Amino acid sequence: MRYEYTVTQEGGEAEIIKEMSWKKVIKKVLLRYPQFGGWISYFNKKGHLQTRHFRNGKETRKSDV
């Protein structure tokens, strides 16, 4: 797989998922945890850390968290 995504739930449990794209990770996480709350982090192809926040299975903006 191309990227390693770190999925962290609000309780602090973290797991690593390897997938080829962001959309595939979202699909996998939401199938496993329909009301996912937490964040997903990964390093993009230029080496920059990207973090996305979720609450109740929907992505939220950083200012809403």
Side-chain angles (χ1 to χ4, degrees):
M1 293 296 142
R2 186 170 182 181
Y3 298 107
E4 287 187 0
Y5 298 88
T6 304
V7 179
T8 308
Q9 295 185 13
E10 288 179 346
E13 301 174 28
E15 65 179 292
I16 294 177
I17 297 177
K18 294 183 179 182
E19 276 299 336
M20 290 294 289
S21 70
W22 172 250
K23 288 182 180 181
K24 289 182 181 183
V25 167
I26 296 297
K27 187 174 182 179
K28 186 181 263 188
V29 169
L30 291 179
L31 283 174
R32 197 177 294 174
Y33 312 109
Q35 296 297 318
F36 177 72
W39 56 92
I40 301 174
S41 303
Y42 70 101
F43 288 97
N44 65 10
K45 65 183 176 182
K46 294 191 176 188
H48 295 103
L49 180 65
Q50 304 293 312
T51 303
R52 304 279 183 105
H53 301 274
F54 290 84
R55 181 174 290 150
N56 294 326
K58 295 186 180 182
E59 188 172 0
T60 60
R61 293 180 180 250
K62 200 171 190 178
S63 61
D64 294 344
V65 173

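These numbers were taken from a predicted model, which means no experiment stands behind them.
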Rounded to the nearest 0.5 angstrom, the CZ-CZ distance for R61 and R52 is 11.5 Å
dist F54:CZ -> E10:CD (nearest 0.5 Å) comes out at 12.0 Å
Q. When hydrophobic residues are tied together by side-chain contacts of less than 4.5 Å, even through go-betweens, does F43 share a cluster with V7?
A. no
Tightest non-hydrogen contact, residues N56 and Q35, listed as O-OE1, 3.4 Å
Tightest non-hydrogen contact, residues T8 and F36, listed as O-CZ, 3.7 Å
Exactly one candidate in K24, R2, K28 meets salt bridge (Lys or Arg N to Asp or Glu O under 4.0 Å) with E19; the answer is K28
Beyond-backbone contact of K45 with Y3, side-chain heavy atoms, under 4.5 angstrom:
yes
Ring pair (Phe, Tyr, Trp, His ring centres under 6.0 Å) pairs touching residues 4-24, sequence neighbours excluded, are Y5-Y42, W22-Y42
d(I26 CD1, I40 CD1) to nearest 0.5 Å is 4.0 Å
Shortest non-hydrogen pair, R55 vs T60, comes out as CB-CG2, 3.9 Å
Exercise. Following the transitive rule for hydrophobic clusters with a side-chain heavy-atom cut-off under 4.5 Å over Ile, Leu, Val, Met, Phe, Trp and Tyr, establish whether Y33 and W39 coincide in one cluster.
Key: no
